[in-house]
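Read through the structure below, which is laid out as structure tokens, and then see the notes.
Computed from a prediction, not measured in an experiment: that's the story for all the values here. Note on naming: letters A, B, ... go to the chains in the order of the sequence lines (proteins, then strands), and numbering restarts at 1 for each one.
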2 protein chains.
Amino acid sequence: MEADTPRIEEYLESIYKLQQEQHPVSTSRLAEHLKLSAPSVSEMVKKLASKRLVNHTEKGVCLTDEGNKMAKIVVRRHRLSERLLTDILGYKWDEVHDEACRLEHAISPQMEDRIALSLGNPKTCPHGHPIPDKNGVLLKEKVRPLSELKAKQKAIIVNVFEEDPKMLQYLASLGLIPDVSVLVEEVAPFGGPLIVCVSGSRYALGREVASKIKVK
Amino acid sequence: MEADTPRIEEYLESIYKLQQEQHPVSTSRLAEHLKLSAPSVSEMVKKLASKRLVNHTEKGVCLTDEGNKMAKIVVRRHRLSERLLTDILGYKWDEVHDEACRLEHAISPQMEDRIALSLGNPKTCPHGHPIPDKNGVLLKEKVRPLSELKAKQKAIIVNVFEEDPKMLQYLASLGLIPDVSVLVEEVAPFGGPLIVCVSGSRYALGREVASKIKVK
DNA sequence: ACAATCAATTAGGTATACCTAATAAAAAAA
DNA sequence: TTTTTTTATTAGGTATACCTAATTGATTGT
Ligand SMILES: [Mn+2]
Ligand SMILES: [Mn+2]
Ligand SMILES: [Mn+2]
Ligand SMILES: [Mn+2]
């Protein structure tokens, strides 16, 4: 059992994330997400497999129990870092992803505990994603994309599956943030936009954008 | 001009620190401080010299202006991290060095600003060392080691030049922390201990220990 | 003055994590 | 079915940052 490096953490975190969309993750998707060449990823996946952190089948890559456990630790540190950045250091939600992605690898178990304690054990990151607890337990709410709602339906935003700063800024400017209530006034046909009503204002939202917003 | 890595930062920070004791820093001293082999350091110093971050003469290694500037950025981040850890996350002063030594490399200029702002632009780290400002300006107080005081002299602790957790715990248990007033009651001859009076209590302090405590 | 000691470098080697170019295998299109 | 495209891997190579062993150079004690 060897030490785990920041890079291994990064791979596990990416695989964890991509698994939520598409279960066995393809090498190419992983390479794209990590912004690395396919051969680099291919090679590293082999190493992860040899450390029993992933299973590598024809279908793609899946985290093992051990890999999943490690990934959740990294995710916990990432999301706690984000909360530290927003709640204590005054960052906006569109500024935290990259910072947290560096910080997460410099956080010890003790610091993890201290941050959680100082923040009052937050349950989610600023984007609404659940923070796994110390034991890796994660309460995942049942959600669906806003884009699936029908006209006249109302829902509450749970989280935003997006990390592009521009997009997050845009969403925040419309007030589309977790815990906010949204009413879909109408849905344009042929994949057209949704007209949504949020805190008294009315906006047209593209389907693509709406699909990133998860509601309950 | 290439990117600077965490390792380069680490070397610069060490050289900066060691320069305060002994001006041109020897390779061996640097190796000892970084806990690396002499050849590794020899090699890296060559790289630092080729990047014009240090001058390497027969006497030893000195930071160039450019190297000094970079070192002070790292020192600023280190000391701000320490303050974040103690003031916001509730760490004790003996627990912060190693954590800060990892964190400092994961802190962006923006985060540096935010931490400083959130903490009210602190002037020193928890051990009393000055935090360089954004422009690298550093107000260094004129101090001398507590061990140089004569009997009946009184002084105020400015900082503690020590990072060993055990020693810091010990000092804190005696109340020997920055800004505290100390009276030297007597000085035993032949390099013997100092009897000091601090916040109402009387303690015997070894010379070695007392020399780490800088007072004004 | 000369041997012993200490300091620094050279030589040669390892592990990690990335790359491009070439190739093989699988899936999709024609 | 055959061709084209996409996906994944192999082959070969680079940069970084470490190591031990051997060597050279300088300092010091006798
Ligand atoms: Mn990361
Ligand atoms: Mn988040
Ligand atoms: Mn460091
Ligand atoms: Mn300090």
Side-chain angles (χ1 to χ4, degrees), chain A residues 1-15 18-19 21-63 67 70-71 74 98 101-102 104-106, chain B residues 1-15 18-19 21-63 67 70-71 74 98 101-102 104-106:
Chain A
M1 194 65 60
E2 302 83 33
D4 67 319
T5 71
R7 296 314 294 159
I8 289 179
E9 292 183 353
E10 206 64 50
Y11 276 81
L12 294 177
E13 194 188 8
S14 281
I15 297 165
L18 296 175
Q19 274 191 352
E21 304 172 333
Q22 170 199 50
H23 188 68
V25 178
S26 70
T27 309
S28 51
R29 187 78 191 76
L30 190 51
E32 178 192 37
H33 190 257
L34 288 164
K35 295 184 174 112
L36 296 172
S37 72
S40 298
V41 171
S42 210
E43 187 178 62
M44 187 61 139
V45 163
K46 216 187 302 171
K47 185 173 302 176
L48 294 176
S50 83
K51 288 184 189 286
R52 309 268 152 199
L53 296 171
V54 301
N55 288 320
H56 193 189
T57 67
E58 320 75 56
K59 303 262 166 180
V61 178
C62 315
L63 293 172
M70 279 185 51
V74 182
D98 291 358
C101 194
R102 254 175 306 109
E104 67 197 4
H105 311 291
Chain B
M1 195 64 57
E2 304 82 33
D4 68 318
T5 71
R7 297 315 292 159
I8 289 179
E9 293 183 353
E10 208 63 50
Y11 276 81
L12 294 177
E13 193 188 11
S14 282
I15 297 165
L18 296 175
Q19 273 190 352
E21 305 172 333
Q22 171 199 47
H23 190 67
V25 178
S26 70
T27 309
S28 49
R29 186 77 191 77
L30 190 51
E32 180 192 36
H33 190 256
L34 288 164
K35 297 185 175 115
L36 295 172
S37 72
S40 298
V41 171
S42 210
E43 188 178 64
M44 188 61 140
V45 163
K46 216 187 303 173
K47 186 173 301 176
L48 295 176
S50 83
K51 287 184 188 288
R52 309 269 153 200
L53 296 171
V54 300
N55 288 321
H56 193 191
T57 67
E58 320 75 57
K59 305 261 168 181
V61 178
C62 314
L63 293 172
M70 278 185 51
V74 181
D98 292 357
C101 195
R102 252 175 306 109
E104 66 197 5
H105 312 292

Nucleotide by nucleotide, nucleotides 7-14 of chain D touches protein heavy atoms under 4.0 Å in the pattern (B base, S sugar-phosphate only, - none) SSBB----
Quickly work out the [X] [atom1] to [N] [atom2] distance and round it to whole Å.
{"X": "A/Leu36", "N": "C/dT20", "atom1": "CG", "atom2": "P", "value": "11 Å"}
{"X": "B/Leu30", "N": "D/dC18", "atom1": "CG", "atom2": "C1'", "value": "14 Å"}
{"X": "A/Lys35", "N": "C/dC19", "atom1": "NZ", "atom2": "P", "value": "13 Å"}
{"X": "B/Lys51", "N": "D/dT16", "atom1": "NZ", "atom2": "C1'", "value": "10 Å"}
{"X": "A/Met44", "N": "C/dA15", "atom1": "CE", "atom2": "C1'", "value": "12 Å"}
{"X": "A/Glu9", "N": "C/dA17", "atom1": "CD", "atom2": "C1'", "value": "15 Å"}
{"X": "B/Ile8", "N": "D/dA15", "atom1": "CD1", "atom2": "P", "value": "15 Å"}

For a quick test of reading the model: is some side-chain N or O of [X] closer than 4.0 Å to OP1 or OP2 of [N]?
{"X": "A/Tyr11", "N": "C/dC18", "value": "yes"}
{"X": "B/Arg7", "N": "D/dC18", "value": "yes"}
{"X": "A/Ser40", "N": "C/dC19", "value": "yes"}

Determine which pairs satisfy salt bridge (charged side-chain N to carboxylate O under 4.0 Å, His left out) with at least one residue from residues 33-50 of chain B, sequence neighbours left out, and list them in order. none
Considering only heavy side-chain atoms of B/Thr5, the closest of D/dC18, C/dC19, D/dT16 is D/dT16
Any non-hydrogen side-chain atom of B/Val54 less than 4.5 Å from a side-chain atom of B/Val25? no
By salt bridge (Lys or Arg N to Asp or Glu O under 4.0 Å), which residues pair with A/Glu32, not counting sequence neighbours?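 Listed in chain order: A/Arg29.
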By salt bridge (Lys or Arg N to Asp or Glu O under 4.0 Å), which residues pair with A/Arg102, not counting sequence neighbours?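 Applying salt bridge (Lys or Arg N to Asp or Glu O under 4.0 Å) to A/Arg102 gives A/Glu99.
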Who passes side chain to side chain donor-acceptor pair (under 3.5 Å) against B/Ser14, sequence neighbours left out?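 With sequence neighbours excluded, B/Ser14 shows a side chain to side chain donor-acceptor pair (under 3.5 Å) to B/His33, given in chain and number order.
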Test side chain to side chain donor-acceptor pair (under 3.5 Å) applied to B/Ser26 - qualifying residues, sequence neighbours left out: B/Ser28
Please find the pair of heavy atoms, one from A/Gln19 and one from A/Val61, that lie closest to each other, and give the distance. NE2-O, 4.1 Å
